[in-house]
Amino acid sequence: MTTDLKTPSIPRRVARWLSALGWALATVGLVSGCASGLLPKPATQPVLFALDASTPELPPMATGATPAKAPGLTLTVDVPRAAAGYDTPQMAYLRRPHEMEYFASHQWVDTPARMLTPQIVQALQRSNVFRAVVMTPTTAAGELRLETELLRLQQDFSQSPSRVRLTLRALLINTASRQVLAAREFDLDQAAASDDPYGGALAANLLVQQMLSQLAAWASRSVGTQ
């Protein structure tokens, strides 16, 4: 005896619905996969460097007791201005003359000019020439004012090993008469220990140390001759 078993048929309406659902799920998966591929990757956090060289030991003529000729005046120190291209936390470098570039993923924690200000104040205060050294803005009335401008801070890869160059212009001004008592441009360079941003940052800190020492000695001589 033969038994004819038949599989229950699915209504056409349900079959069409299941087919449409399958296509919808496949489409969602495809779109989701494409969208995830199009999403931007998280931005890489930059590597940060500081100009935080400790205040160096000052030369003999700028240390010890206040020189006899020093008037014991108060000096106000302005935040250094910065030449075009250097008023930024970005780290500048050259591969060929006159073409400034910036590292993509390495930068200073602040603009070099702002990082230099407290170190200049500390170096001049330790020279023992001035009664007080204060950073502007301040309510203190200083008899003298120091204006500076950062002209250059860059790593030069056009030579090997690369070299870092720091140039700072300084003016010592009589606040009452607005007369420039002394002017000096400090131009220093230092070979980098490695041809990369880290080597450049180390060289820059060595240059800041040298510049602070020279600046304090120059200010001491300039005040002592007035």
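- Minimum interatomic distance between Phe130 and Val223 (heavy atoms only, all atoms of both residues): CE2-CG2, 3.4 Å.
- Note on ring orientation: taking the six-membered ring where Trp is involved, the planes of Phe49 and Tyr198 are tilted (angle from 30° to 60°).
- Interatomic distance, Asp189 CG to Gln210 CD, rounded to the nearest 0.5 Å: 9.0 Å.
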Could you go step by step and tell me if Leu172 and Trp218 meet the side-chain contact (heavy atoms from CB on, under 4.5 Å) rule?
CA-CA 10 Å; Leu172 188 63; Trp218 166 76; 4.0 Å; yes
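- Side-chain contact between Gln107 and Leu48 is present, with heavy atoms from C-beta onward closer than 4.5 Å.
- Val134 and Val121 fall into different hydrophobic clusters, where Ile, Leu, Val, Met, Phe, Trp and Tyr side chains are chained together by heavy-atom contacts under 4.5 Å.
- A continuous path of ILVMFWY side-chain contacts below 4.5 Å connects Ile120 to Leu188, so both sit in one hydrophobic cluster.
- Not one N or O on the side chain of Gln155 forms a donor-acceptor pair closer than 3.5 Å with the backbone of Ala201.
- Atom OG1 of Thr148 and atom CG of Leu171 lie 9.0 Å apart (nearest 0.5 Å).
- When hydrophobic clusters are built by joining Ile, Leu, Val, Met, Phe, Trp and Tyr residues whose side-chain heavy atoms come closer than 4.5 Å, directly or via intermediates, Met91 is grouped together with Leu202.
- Side-chain N or O atoms of Gln190 include none that pairs as donor or acceptor with a backbone N or O of Leu207 at under 3.5 Å.
- Judged by distance alone, the side chain of Thr167 and the main-chain N or O of Arg152 form no donor-acceptor pair under 3.5 Å.
- By the 4.0 Å N-to-carboxylate-O rule, Arg165 lies too far from Asp156 to be salt-bridged with it.
- Looking at every heavy atom in both residues, Pro161 comes nearest to Ala192 through CB-O, 4.0 Å.
- In this structure, CZ in Arg169 is found 11.0 Å from CG in Asp187, a value given to the nearest 0.5 Å.
- Side-chain contact of Arg131 with Thr74: a donor-acceptor pair under 3.5 Å is present, judged by distance alone.
- When all heavy atoms are compared, the tightest approach of Arg163 to Ala191 is NH1-CB, 3.4 Å.
- There is no path of hydrophobic side-chain contacts, each under 4.5 Å, that joins Leu151 to Leu168.
- With hydrogens and angles ignored, the 3.5 Å screen pairs a side-chain donor or acceptor of Asp195 with a backbone N or O of Ser162.
- Side-chain atoms of Gln119 come within 3.5 Å of backbone N or O of Leu51 as a donor-acceptor pair.
- Between the CE atom of Met135 and the OG1 atom of Thr76 there is a distance of 11.5 Å, given to the nearest 0.5 Å.
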What side-chain donor-acceptor pairs closer than 3.5 Å can you find for residues 177-186, not counting sequence neighbours?
{"unit_1": "Ser177", "atom_1": "OG", "unit_2": "Asn174", "atom_2": "OD1", "d": "3.3"}
{"unit_1": "Ser177", "atom_1": "OG", "unit_2": "Gln179", "atom_2": "N", "d": "3.3"}

Could you go through residues 109-118 and list every donor-acceptor pair under 3.5 Å that involves a side-chain atom there, pairing it with any protein atom two or more places apart or in another chain?
{"unit_1": "Asp110", "atom_1": "OD1", "unit_2": "Arg114", "atom_2": "NE", "d": "3.0"}
{"unit_1": "Asp110", "atom_1": "OD1", "unit_2": "Arg114", "atom_2": "NH2", "d": "2.9"}
{"unit_1": "Asp110", "atom_1": "OD2", "unit_2": "Arg114", "atom_2": "NE", "d": "3.3"}
{"unit_1": "Thr111", "atom_1": "OG1", "unit_2": "Arg114", "atom_2": "N", "d": "3.4"}
{"unit_1": "Thr117", "atom_1": "OG1", "unit_2": "Ala113", "atom_2": "O", "d": "3.1"}

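- Between Trp108 and Leu153, some side-chain heavy-atom pair lies under the 4.5 Å cut-off.
- Ile173 and Val77 are assigned to two separate hydrophobic clusters, defined by single-linkage of ILVMFWY side chains at heavy-atom distances under 4.5 Å.
- A donor-acceptor pair is defined here as one N or O able to donate and one able to accept, closer than 3.5 Å; such a pair exists between the side chain of Asn205 and the backbone of Asp52.
- We find the CG-CD distance between Leu212 and Gln122 to be 8.5 Å, quoted to the nearest 0.5 Å.
- Side-chain atoms of Tyr102 come within 3.5 Å of backbone atoms of Gly85 as a donor-acceptor pair (strictly under, hydrogens ignored).
- Glu149 CD to Tyr86 OH: the interatomic distance, rounded to the nearest 0.5 Å, is 11.5 Å.
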